[in-house]
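Worksheet: one structure, shown below.
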Amino acid sequence: MTKYGEQRDSPAVTAEAEASSSTATKRFWTPGRFVAILCIVNLINYVDRGVIASNGVNGSSRTCDAKGLCSAGTGIQGEFKLSNFQDGLLSSAFMVGLLVASPIFAALSKRFTPFKLIGVGLTVWTLAAVGCGFSYNFWMIAVFRMFVGVGEASFISLAAPYIDDSAPAARKNLWLGLFYMCIPAGVALGYVFGGYVSIMLDFFSVGNHLGWRWAFYIEAIAMAFFVVLSFCIKPPQLKGSCFAAKESKKPSTSIETVALTHAEASQIKTVSPKSKSQNLVVLFGKDMKALFSEKVFIVNVLGYITYNFVIGAYSYWGPKAGFGIYHMKNADMIFGGLTIICGIIGTLGGSYVLDRINATLPNTFKLLAASTLFGAAFCFAAFCMKNMYAFIGLFAVGEILIFAPQAPVNFVCLHCVRPNLRPLSMASSTVLIHILGDVPSSPLYGKMQDRLKNWRTSTLIITSILFLAAIIWGIGIFMNSVDRSNEKSDDEVEEEEKLETKADNNSVPV
């Protein structure tokens with residue numbers, strides 16, 4: 001029995017209190033703050049890629065001069081006695097994990113909350129980074145690099161659709177640009193961080209065998225905070241996901257609509273088991289067929305594969321090529337500084353230009369083709385220069401132009417398909433650009449250099465491939481492309497029609 005003066009909360013009051021609490025949480029996690037978290041995580045992911053490629057961490061193999069005097073190897077390559085080909089395989093091992101896990105996470109996003117999947121992936125990433133620091137031979141570090149790739153796969157497939165949904169319509173490309181700016185900035189910071197850690201630990205006489213390992217420990221500590229955060233915050237609903245559909249159809253709790261609420265609930269319960277019983281593999285196959293029927297997606301990804309083949313070789317071998325051609329004393333710092341400045345200017349510049357010229361798919365392809373063509377020309381001319389300062393000037397302009405496609409190419413991936421296919425579009429794009437792009441390019445470049453023994457010739461050959469990427473993206477300009485980002489899938493339209501019909505038939509006025 002309820003005492004006099006006490007009052008039970010009605011369902012309407014309880015719902016109102018919950019709504020108020022939810023609103024307060026949403027006010028704190030504004031779209032801007034949420035995207036900032038995603039950008040920082042992306043930055044740490046790519047710092048790791050720069051660290052593994054830096055001279056301070058990656059090091060060099062044992063070398064001997066004509067008189068037979070040998071210098072000890074340094075870093076990972078020196079400690080594990082790796083050839084350039086084996087060294088390139090470390091990059092490929094990371095990519096194998098990324099490629100295998102990306103479509104799996106994309107498929108699971110239809111059954112589980114996408115942001116929780118990101119949390120699971122970042123947990124795997126953090127533990128694997130620690131494992132890299134504890135590795136004592138080539139195979140051990142190769143396996144842990146593979147699991148770092150698995151962890152990153154969850155993030156790379158699902159983060160971009162969240163940003164595309166959260167960004168204001170007039171600034172979508174700018175927000176995507178901020179996110180993808182973290183790629184060159186992260187890699188460059190990784191070069192600098194890897195070299196700095198090595199220098200500092202040598203200064204304090206920690207020792208070569210321990211020095212490079214601390215780079216992995218520190219980045220794992222930095223990521224651990226965001227692992228905890230990913231399980232604590234409530235992200236916005238992802239457009240096109242089953243969770244967003246459920247949220248949009250959530251019935252009102254007001255007294256006037258209580259009868260309709262029960263009718264809708266009963267109808268939803270009759271539909272839900274049917275969708276859950278569908279085989280995940282069959283759904284995945286159906287989505288893949290729909291995705292690869294999009295010709296715009298195929299042309300975009302073919303250009304992206306060719307582009308990424310060169311970028312992958314640049315990012316992994318750039319500091320060593322700079323040292324080999326121009327005998328730079330601080331190749332990590334020079335390449336790192338250049339990539340940070342040029343990457344930020346190029347990525348944000350490409351995003352800004354696309355927003356200004358009206359972000360249609362044909363206009364995006366024009367930007368992709370033009371920036372890649374002129375960027376390739378400047379980079380090719382740079383590596384022909386014998387003077388280091390002439391190289392730096394031309395290469396800086398080339399890098400700005402080459403980094404301009406970072407946001408636009410992913411804008412095409414997100415907008416040439418329906419919302420429910422966006423995670424799969426990003427995952428498939430990621431798989432293809434790596435498995436056919438930078439996975440083979442790093443060891444192939446290493447193999448070519450082992451054979452030619454000429455850093456300038458090897459780099460000019462790899463740079464010329466950028467011209468092919470510009471030609472492929474140029475084809476996209478003339479295609480009949482339609483922005484499909486606001487379309488609903490056939491299944492969503494059919495399900496909504498059924499629910500509306502059944503709700504109308506079963507509604508009872510109060």
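One side chain, Asn45 or Trp125, offers a donor N or O that lies under 3.5 Å from an acceptor on the other. Between the side chains of Thr459 and Tyr445, at least one donor N or O lies within less than 3.5 Å of an accepting N or O. Residues Asn358 and Asn363 bring no donor and acceptor atom of their side chains to less than 3.5 Å of each other. One side chain, Thr463 or Tyr314, offers a donor N or O that lies under 3.5 Å from an acceptor on the other.
When each of Asp483, Thr364, Thr360 is paired with His415, the side-chain hydrogen bond (donor to acceptor under 3.5 Å, both in side chains) condition holds for Asp483 and for no other.
With values rounded to the nearest 0.5 angstrom, Ile472 atom CD1 is found 12.0 Å from Leu368 atom CG. With rounding to the nearest 0.5 Å, the separation of CG in Asn173 from CD1 in Ile357 is 9.0 Å.
At a threshold of 4.0 Å, the pair Arg145-Asp48 counts as salt-bridged, since one of the basic side-chain nitrogens sits closer than that to a carboxylate oxygen. A salt bridge links Arg49 to Glu152: at least one charged side-chain nitrogen sits closer than 4.0 Å to a carboxylate oxygen. Using a cutoff of 4.0 Å between basic side-chain nitrogens and carboxylate oxygens, Arg422 and Asp164 are scored as salt-bridged.
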Pair Phe383-Phe391, ring-ring contact (aromatic ring centres under 6.0 Å, His included): steps then yes or no: CA-CA 6 Å; Phe383 282 109; Phe391 160 78; 5.1 Å; yes
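Residue Phe378 places its CZ atom among 12 or fewer non-hydrogen atoms of other residues, nucleotides or ligands, all under 6.0 Å distant. Sparse packing is recorded around CD1 of Ile435, with 12 or fewer heavy atoms of other residues, nucleotides or ligands lying under 6.0 Å away. Around atom CZ of Phe147, no more than 12 heavy atoms belonging to other residues, nucleotides or ligands sit under 6.0 Å away. Under a cut-off of 6.0 angstrom, the local environment of CZ in Phe467 is crowded, with over 12 non-hydrogen atoms contributed by other residues, nucleotides or ligands.
Note: Tyr162 and Phe115 meet the aromatic proximity criterion, with ring centroids under 6.0 Å apart. Ring centroids of Phe155 and Phe105 are separated by 6.0 Å or more, keeping the two rings apart.
Applying the salt bridge (charged side-chain N to carboxylate O under 4.0 Å, His left out) test to every pair with at least one member in residues 337-353, sequence neighbours left out, gives no pairs at all.
The closest side-chain heavy-atom distance from Ile465 to Tyr307 is not below 4.5 Å.
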